[in-house]
Every structure is written in structure tokens, then in C-alpha cells.
There are 2 protein chains.
Amino acid sequence: MSNAFTDRLSGYAPLSDADVALLADACRNVRDVPAGHHMIREGDSPDPVFVMLDGWACGYKMLPDGGRQILAFMLPGDFCDIHIAVLKEMDHSIVTITPAKVATLPRKQMEALVEAKSNITHAFWWSQLVDQGVLRAWIVSMGRRTAEERIAHLMCELYIRMRNIGLATHDQCELPLTQLVLADAVGLTPVHVNRVLKGLRLNKVMELSSGALKIIDPVRLAEIAGFDGNYLHSRLIKVA
Amino acid sequence: MSNAFTDRLSGYAPLSDADVALLADACRNVRDVPAGHHMIREGDSPDPVFVMLDGWACGYKMLPDGGRQILAFMLPGDFCDIHIAVLKEMDHSIVTITPAKVATLPRKQMEALVEAKSNITHAFWWSQLVDQGVLRAWIVSMGRRTAEERIAHLMCELYIRMRNIGLATHDQCELPLTQLVLADAVGLTPVHVNRVLKGLRLNKVMELSSGALKIIDPVRLAEIAGFDGNYLHSRLIKVA
DNA sequence: CGGAGCATTGAGCCACCTCAAGTACTGTGG
DNA sequence: CCACAGTACTTGAGGTGGCTCAATGCTCCG
């Protein structure tokens with residue numbers, strides 16, 4: 001009865017089998033969506049809550065000049081937006097990066113879960129806090145890190161998050177991001193992302209190609225990134 | 001019985017007089033702290049929850065090279081950190097910028113409030129979402145905006161937030177930030193912040209001096225910033 | 001009236017950008 | 001099995017926004 005979502009949440013609060021069943025049941029409504037599918041567009045009024053069960057998505061915001069800034073990557077088990085219809089209007093868009101399985105929980109049901117079970121509320125809450133920590137880490141990267149540090153840091157984040165959900169081996173994981181997407185995430189040009197990746201490859205730190213990240217020198221990578229994974233609270237390291 | 005905190009929260013969910021009284025009572029333990037006082041340091045285990053009742057504070061993270069990145073500004077009514085002792089260890093520090101009045105709510109009491117009153121939970125939740133929206137807006141700024149746009153955007157954010165809590169006139173508000181602090185917030189050098197401020201002043205867009213922001217041409221400022229205040233959800237425009 | 005912190009200004013430099021071309025892939029239709 | 005088109009990746013040359021280093025002025029405060 002468990003899935004990527006219940007796995008993630010049970011890392012955040014002790015959930016009984018009944019709780020897990022409740023949550024899994026809430027996710028029963030699953031949709032298969034192709035890559036590049038918009039789940040939410042800026043300006044939409046958010047009704048159901050989306051949960052990623054498989055595949056990658058990202059939230060982003062467009063700028064008047066046509067630029068794009070990615071705000072977060074969503075992996076299996078992640079809420080896409082936990083807004084519970086609280087906001088009048090979405091201030092950003094969410095789009096899939098790969099083909100994905102997405103559960104849609106009606107707002108009512110989310111609220112019922114929160115009202116009924118305090119440990120589920122607790123898990124939601126914690127999940128929020130972790131997401132907020134990720135946002136803060138991004139701000140630090142964008143504000144004070146060089147291009148190489150930024151990219152190294154993002155790679156560390158994504159690798160650890162993939163590992164936490166059992167989707168990484170000891171030195172590599174899937175990472176289905178084009179250099180263009182990467183550029184939109186770290187606030188650089190695709191051209192410059194390319195050069196930085198080349199540098200990391202030549203220095204035998206890591207390699208990124210054909211949708212996979214291979215970490216060659218993890219110590220060096222973490223050093224470059226100034227990475228401290230605490231904020232991800234990866235307490236439950238479950239390997240599938 | 002109301003205060004800056006209950007005012008902010010009652011913008012997020014309908015709170016009865018009893019709820020307000022409950023919240024105000026939870027804030028009864030108030031401390032006066034001077035400017036530059038650390039409320040929380042990175043690595044501390046967070047116990048009580050702090051709420052700003054008066055004055056300014058900011059959350060920040062230090063980097064190995066001695067650089068600093070500010071992550072958020074806290075104004076009266078804001079939670080400093082809503083962690084409810086959920087995290088083992090703070091991943092950033094919080095320090096006052098001006099002399100301030102700060103309420104400390106014991107973790108137990110926070111949890112009791114959440115368990116007891118669903119509309120208070122709702123208000124907390126919403127408050128979280130708004131804070132997250134602010135973080136996202138910062139990421140957009142850092143990733144894709146020029147120095148001038150970034151500063152203009154931050155000025156818009158802070159002015160609107162001050163106005164929302166009745167601390168701004170139609171064209172100005174207090175803004176007790178040195179150029180050094182500003183630089184740490186927008187991810188620039190103090191020197192460059194200075195030059196940008198000079199530009200905005202000469203172009204008669206805004207003036208920032210002696211701790212106050214004066215907006216001369218609001219339309220132009222919002223234009224430069226590409227500012228859309230939706231994300232602040234300033235639905236309750238109460239002027240004191 | 002001396003010191004400390006902040007604001008201001010100048011000169012030179014570099015990380016990252018822009019523009020532009022060219023090279024792999026990969027899927028698709030003939 | 002091959003032309004091809006579309007997309008991503010790569011590389012080069014030159015420009016620039018913001019940085020660094022450094023000096024000077026301002027203001028507040030003891």
C-alpha cells in the first residue's frame with residue numbers, strides 16, 4: 001500500500017499502517033502525464049493538490065523579457081504545491097520534465113487529512129520545512145556562489161535527494177536535465193553551464209551526460225559546492 | 001489584546017476574539033533585545049519559537065569564505081522561524097537589525113495551539129505559504145534580475161510589507177538597512193549597491209537615506225522591478 | 001576631537017554574457 | 001537504409017556588469 005509519497009512522509013513523522021493506508025488511498029487517483037506537460041500555470045486558481053509518484057517536474061517563473069527561472073525540482077514523493085487552495089492564484093507554473101505519474105488529491109481530502117490526523121499534519125508540516133530549507137539553499141547559491149560552486153551544489157542536492165528515495169547508486173543517479181534546464185535553475189547561460197560542466201569533467205570531479213550524473217570524486221565535489229546536506233534532513237536512508 | 005502577530009494571522013484565517021486572545025496570551029512572554037542580538041545561531045537546536053512584535057530582524061547564512069547571504073527580513077508580526085523544534089539543528093542564524101520586541105512561545109504551547117484550533121493551524125499554514133512565496137521571489141531576483149532590478153524589487157517588497165502592517169505612508173517608510181546589509185540581501189557588493197542607489201536617486205525614482213525609504217516615482221519603480229505584489233497576499237490593507 | 005562605522009567615488013579587472021558557428025545525436029518519413 | 005529536421009551540445013571571440021582594491025569624506029558618539 002505504500003508509495004513514494006507515503007515513504008517520504010513517513011520519514012517525517014511516525015505514521016501507523018492505517019495512516020499510510022489513508023494517505024495511499026488519497027493518492028488513488030493517478031494520472032500518467034508526458035514530459036513537458038503543464039500541471040499548473042501561473043494565474044491558475046489551484047484546486048487539487050498534486051503529488052509526484054514517478055518522474056521529474058519543476059516549478060518556474062517566467063520573466064517579462066522571456067527569461068525563465070526555475071524555483072524547485074520535484075522528485076517522486078514530493079508535493080508539487082501544498083497550497084491547499086489557500087492562494088487565490090498561483091504565482092508560478094509547474095511542468096513535468098520527464099513522463100510522470102502524478103496523483104491528484106482533491107483539496108477537500110487534503111483538509112480532511114489535516115483535520116483528522118495530527119501526525120499526518122505533522123508530516124506535512126515537516127515536509128514544508130524541508131522544502132523551505134531547499135529554497136533557502138538556492139538563495140545562498142544564487143547570491144554568493146560562483147557558477148562552478150552553484151552547479152556543484154545543485155548536483156549534490158539532487159544526488160542526495162535521489163539517494164534518499166532509493167534512486168541512486170553509490171556514485172551515480174539519473175538526472176534527466178538538459179543544460180538549458182540546468183541553466184534556468186542556477187541562473188546562468190546554457191553556454192556557460194556547458195563550459196563549467198566541461199571543467200568538472202576534465203578535472204575528474206563529475207560527469208553529466210545522457211541523462212545521468214556520475215560522481216567521480218565525491219569529496220572534491222562537496223568541497224567545491226561547500227555542501228552541507230543537513231538541510232535536506234535525510235534521516236531515513238532507505239535503499240529500495 | 002491584539003498585537004502585530006495576531007493582526008498578521010487574522011489576515012490569513014478568520015480568527016474569533018477568543019482565538020486572538022489565545023494567541024496574544026501565547027505571546028505574553030516578551031523580551032526587549034538590542035540591535036545586533038542573535039536570537040538563533042546556526043547549529044543551535046531550536047527550542048522556543050520567536051515572533052517579532054516590534055523592530056526588524058533578518059535570517060542569514062555564512063559562507064566558508066566569510067561571505068554572508070541574507071535569506072529573509074522579519075518585520076513586526078512575522079514568525080522568525082516556525083520550526084516547532086522539528087529540526088535537529090538550525091541551518092541558519094537570525095539576528096536583530098534594530099532594537100526589537102520579541103515574543104518567545106514555548107514549543108509545547110505552539111503545538112497545543114495547532115492541535116486545539118484548526119483555524120489557527122490554518123493561519124499558521126498560510127503564513128508559511130506566504131513566506132515561501134517571498135523566498136521564491138528572491139530566487140527569481142537573484143537568478144534573473146540585474147542589480148538595479150533586484151534592489152528595486154526588494155524595495156517594493158519591503159515597502160508593501162510595511163504598508164500591510166500600517167507602518168508606511170503613501171510614499172515612504174522606515175527602512176533601517178545599511179548598504180552593507182542590503183548588499184548581503186541582494187547578493188551584490190556594498191560598493192555596487194551604493195552606485196545603484198545613486199542611479200535611482202539621480203533618476204528620481206526613489207531615495208534611501210538615514211534609515212528611510214522614499215518612493216518618488218512608484219510606477220517607474222515597480223516597472224524597473226517587474227514587481228507583482230500578488231505573492232505577498234496583502235489582502236488586509238489595514239492602516240493603523 | 002579622535003575613532004569607528006558607513007557612504008561615496010575612481011580605476012582596473014574578471015566571471016559570465018552575447019553572438020555566432022559548427023557538431024553530435026535521435027527520431028521520422030521516404 | 002538514408003536524407004532531414006529538430007534538438008541538444010560544443011567551442012570561439014569579444015563585450016560588460018558587477019567585483020576588487022583603495023582612498024576619501026561624512027556622521028555620530030564617547
Side-chain angles (χ1 to χ4, degrees), chain A residues 34-36 56 58 63 65-70 95 97-99 141-154 174-203 206-214 224, chain B residues 34-36 56 58 63 65-70 95 97-99 141-154 174-203 206-214 224:
Chain A
W56 287 55
C58 70
L63 284 119
D65 67 358
R68 182 171 87 141
Q69 177 62 50
I70 290 179
V95 67
I97 293 176
T98 67
S141 273
M142 316 275 281
R144 291 296 178 210
R145 286 199 251 259
T146 66
E148 187 181 51
E149 292 164 357
R150 249 184 257 189
I151 289 179
H153 199 276
L154 180 60
E174 270 186 53
L175 216 149
L177 308 178
T178 66
Q179 294 180 0
L180 209 145
V181 170
L182 224 46
D184 284 341
V186 291
L188 297 168
T189 314
V191 174
H192 201 238
V193 167
N194 181 286
R195 292 194 229 268
V196 170
L197 288 178
K198 182 183 177 186
L200 291 168
R201 197 188 320 127
L202 292 181
N203 288 317
M206 50 160 273
E207 281 172 20
L208 184 56
S209 63
S210 57
L213 167 68
K214 183 166 185 181
I224 292 172
Chain B
W56 287 55
C58 70
L63 285 120
D65 67 359
R68 181 170 87 141
Q69 177 63 50
I70 290 179
V95 66
I97 293 176
T98 67
S141 272
M142 316 275 280
R144 292 293 179 211
R145 287 200 251 258
T146 65
E148 187 181 52
E149 292 164 358
R150 254 184 254 190
I151 289 179
H153 199 276
L154 180 60
E174 268 186 54
L175 216 150
L177 308 179
T178 67
Q179 295 180 359
L180 208 146
V181 169
L182 223 46
D184 283 342
V186 291
L188 297 168
T189 315
V191 176
H192 201 239
V193 167
N194 181 286
R195 292 194 228 269
V196 170
L197 288 178
K198 182 182 177 187
L200 290 168
R201 197 188 318 126
L202 292 182
N203 288 317
M206 50 160 274
E207 281 172 23
L208 184 56
S209 65
S210 56
L213 167 67
K214 182 165 186 182
I224 292 171

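Every chain is numbered from 1, with letters handed out A, B, ... down the list of sequences. Keep in mind that the numbers below use all heavy atoms, side chains included, and drop hydrogens, waters and symmetry copies.
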What's [X] touching, base or sugar-phosphate or nothing? Going by heavy atoms closer than 4.0 Å.
X      : result
A:S209 : nothing
B:G211 : nothing
B:L188 : sugar-phosphate

Rounding to an integer number of Å, can you tell me how far [X] [atom1] sits from [N] [atom2]?
X      : N      : atom1 : atom2 : result
B:E207 : C:dT8  : CD    : P     : 11 Å
B:L175 : C:dA7  : CG    : C1'   : 16 Å
A:I151 : C:dC16 : CD1   : P     : 9 Å
A:D184 : D:dA8  : CG    : C1'   : 14 Å
A:L177 : D:dC9  : CG    : C1'   : 15 Å
B:R145 : C:dC17 : CZ    : P     : 17 Å
A:M142 : D:dG18 : CE    : C1'   : 16 Å
B:E148 : D:dG17 : CD    : P     : 12 Å

Report yes if the side chains of [X] and [Y] come closer than 4.5 Å at any heavy-atom pair, otherwise no.
X      : Y      : value
B:L177 : B:L208 : no
B:T146 : B:V196 : no
B:R195 : B:V191 : yes
B:M206 : B:L197 : yes
B:R145 : A:L63  : yes

Considering just the side-chain nitrogens and oxygens of [X], establish if one lies under 4.0 Å of OP1 or OP2 belonging to [N].
X      : N      : result
A:N194 : D:dT10 : yes
B:R201 : C:dT8  : yes
A:Q179 : D:dT10 : yes
A:T189 : C:dC17 : yes
A:K198 : D:dT11 : yes

Query raised in the report: Which nucleotide, C:dC17, D:dC9, C:dA7, lies nearest any side-chain atom of A:T178?
Result: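 Of C:dC17, D:dC9, C:dA7, D:dC9 is nearest to the side chain of A:T178.
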**Report entry** No-H, no-angle donor-acceptor pair, A:R195 side chain to D:dG12 base, under 3.5 Å
**Finding:**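 For A:R195, whose side chain was compared with the base of D:dG12, there is a donor-acceptor pair (under 3.5 Å).
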Query - Closest-nucleotide ordering on DNA chain C, the 5'-leading residue of A:H192 and B:L180 - result: B:L180
